[in-house]
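Atoms within each ligand, like the ligands themselves, are counted from 1 in listed order.
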Amino acid sequence: MTETGTGVTGPTDSALFALPKAELHLHIEGTLEPELVFELAGRNGVGLPYASVDELKTHYDFSDLQSFLNLYYATMDVLRTESDFAELTRRYLATAATQGVRHVELFFDPQAHTARGIRLETVVDGIGAALDEAERDLGITSGIILSFLRDQPVDAAEIILSVGLSRIDRIIGVGLDSAEVGHPPSLFAHVFARARDAGLHVVAHAGEEGPPEYIREAIDLLGVERIDHGIRAIEDPELVARLAGERIALTMCPLSNVRLRTIGDLAEHPLRRLDAAGVRVTVNSDDPAYFGGYVGDNFVAVRDALGVTAQEAERYARTSIEASFAPDARKRELLSEVDGWLG
Ligand code: ADE
Ligand code: ZN
């Protein structure tokens with residue numbers, strides 16, 4: 001146990017890192033560390049508008065979601081080959097393993113790659129190869145979620161879904177991300193219905209910058225099983241009660257919300273208040289290379305800023321496993337790993 005910023009004793013950093021958990025909100029392209037940007041740029045002959053890693057890092061000061069997305073889409077241009085995607089994923093998994101990740105469901109943004117002439121199969125096969133290795137070598141299980149870019153035309157999402165369905169063996173679900181405001185879930189109802197009909201799981205980013213109404217639309221019109229972020233639900237008590245009653249889990253990303261200035265200070269984060277209201281909440285990292293921490297770091301940050309206790313951290317970890325799309329037998333196995341954590 002350790003003294004937290006709120007004067008309460010909480011779990012130590014190493015205990016929070018060791019806590020077995022599932023990561024349910026992770027953009028694999030958001031794990032592209034600046035050092036790897038330079039390595040891949042060199043390998044692939046891609047010119048960069050930055051002289052050094054340190055100069056690139058000076059651009060990691062974001063004013064909102066869009067300012068981050070501009071850099072995120074620009075830097076991923078260094079990812080060209082199947083082995084680049086495998087290397088990216090391998091490095092994420094090596095770090096995730098040290099932070100207690102035992103199962104991960106990661107997003108990828110196929111349209112951001114096909115727009116650059118890179119085939120969806122190249123991306124999926126690279127990511128998939130590294131995930132297979134991690135299951136064998138690290139015991140981390142996983143799934144891949146194809147995420148539609150909501151700020152691109154709906155027709156483009158329909159097309160990329162058709163391509164994705166040709167690799168349905170490798171994909172467990174679909175999601176919805178990129179610039180939220182002005183791009184409501186309702187636009188994507190037909191694409192999501194097709195995905196559901198194909199047997200895929202469905203999730204969507206909602207209530208990150210967008211209003212609580214987008215969370216309602218994601219539930220009612222897309223049929224989502226989880227909401228990614230959902231922080232703005234806290235503005236709407238009726239919606240909070242509904243999320244709790246319908247047991248819809250939120251995949252929250254505290255450090256991301258601070259870095260993208262969707263909240264002013266971590267101490268204002270609604271994670272703990274939503275938990276207290278009976279909403280199923282989980283802690284995740286979103287784009288850890290850009291936001292100053294992986295999932296274990298996010299647990300440490302909410303302990304310090306919100307006074308999250310060991311019992312609460314354990315509940316968030318259990319929820320991450322229960323709300324995952326892992327087979328029931330795997331969920332039972334992971335929940336029993338959590339059983340020993342508090343001692
Ligand atoms: N794509 C990558 N990170 C994202 C985020 N935090 N919100 C929306 N789209 C994203
Ligand atoms: Zn996200």
Side-chain angles (χ1 to χ4, degrees), residues 22-33 37 59-77 79 85 88-89 92 96 104-113 115 123 127 143-152 156-157 160 173-185 187-188 202-211 214-215 217-218 222 224-233 249-263 266 269 271 281-295 298 320 323:
E23 174 140 68
L24 305 180
H25 187 156
L26 183 277
H27 302 263
I28 195 63
E29 298 91 343
T31 69
L32 182 57
E33 293 284 352
V37 171
H59 294 266
Y60 288 21
D61 181 19
F62 309 112
S63 52
D64 57 12
L65 174 58
Q66 188 62 60
S67 68
F68 156 69
L69 291 171
N70 295 341
L71 184 68
Y72 168 82
Y73 292 125
T75 53
M76 69 174 77
D77 189 36
L79 294 161
F85 285 96
L88 175 73
T89 309
Y92 159 70
V104 56
E105 292 171 5
L106 59 82
F107 297 117
F108 78 115
D109 285 328
Q111 291 158 271
H113 308 302
V123 182
I127 296 170
I144 301 178
I145 300 178
L146 180 165
S147 203
F148 304 115
L149 300 186
R150 69 198 310 156
D151 51 359
Q152 298 296 311
I160 207 70
V174 298
L176 187 64
D177 66 8
S178 207
E180 185 181 10
V181 174
H183 307 285
L187 297 171
F188 294 86
V202 294
V203 298
H205 284 53
E208 180 185 18
E209 282 189 343
Y214 284 18
I215 300 175
E217 281 191 14
L222 305 186
V224 296
E225 295 159 82
R226 305 190 295 244
I227 293 284
D228 298 313
H229 290 296
I231 48 171
R232 291 196 57 192
L250 304 184
T251 65
M252 308 202 91
C253 308
L255 289 174
S256 163
N257 300 146
V258 176
R259 294 296 282 267
L260 300 187
R261 306 191 194 204
T262 53
I263 57 166
L266 203 49
H269 199 281
L271 173 85
V281 297
T282 64
V283 172
N284 308 269
S285 69
D286 208 5
D287 301 285
Y290 293 91
F291 301 151
Y294 286 75
V295 64
N298 273 268
S320 71

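- Although no hydrogens or angles enter the test, the distance criterion places no donor-acceptor pair under 3.5 Å between the side chain of Glu23 and the main chain of Asn284.
- In this view, Thr75 and Leu32, Val37, Leu56, Leu71, Tyr290 satisfy the side-chain contact (heavy atoms from CB on, under 4.5 Å) rule, not counting sequence neighbours.
- Between Phe62 and Phe68, the two ring planes are perpendicular [angle over 60°; tilted spans 30° to 60°].
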Could you list each nitrogen or oxygen of ligand 1 that sits under 3.5 Å from a protein nitrogen or oxygen, with the atom names and the distance?
| unit_1 | atom_1 | unit_2 | atom_2 | d |
| --- | --- | --- | --- | --- |
| ligand 1 | 3 (N) | His27 | NE2 | 3.4 |
| ligand 1 | 3 (N) | Asp287 | OD1 | 3.4 |
| ligand 1 | 3 (N) | Asp287 | OD2 | 2.7 |
| ligand 1 | 6 (N) | Glu208 | OE2 | 2.9 |
| ligand 1 | 6 (N) | Asp286 | OD2 | 2.7 |
| ligand 1 | 7 (N) | Glu208 | OE1 | 2.7 |
| ligand 1 | 7 (N) | Glu208 | OE2 | 3.4 |
| ligand 1 | 9 (N) | Ser178 | N | 2.8 |

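- The pair Arg232-Glu180 fails the salt-bridge criterion, with no side-chain N (NZ, NE, NH1 or NH2) lying under 4.0 Å from an Asp/Glu carboxylate O.
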Could you go step by step and tell me if Phe85 and His113 meet the ring-ring contact (aromatic ring centres under 6.0 Å, His included) rule?
CA-CA 11 Å; Phe85 285 96; His113 308 302; 4.9 Å; yes
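- Between the side chain of Ser285 and the main chain of Tyr294, no donor-acceptor pair closer than 3.5 Å is present.
- Listed for the Asn298 side chain is a donor-acceptor partner under 3.5 Å among the backbone atoms of Leu255.
- Of the candidates Asp286, Asp287, Asp109, Asp228, Asp286 is the only one forming a side chain to side chain donor-acceptor pair (under 3.5 Å) with His27.
- Here salt bridge (Lys or Arg N to Asp or Glu O under 4.0 Å) pairs that include residues 68-77, with residues two or more places apart or in two chains, are Asp77-Arg80, Asp77-Arg116.
- Listed by chain and number, the protein N, O or S atoms at a distance under 2.8 Å from the Zn ion (ligand 2) are His25 NE2, His27 NE2, His205 NE2, Asp286 OD1.
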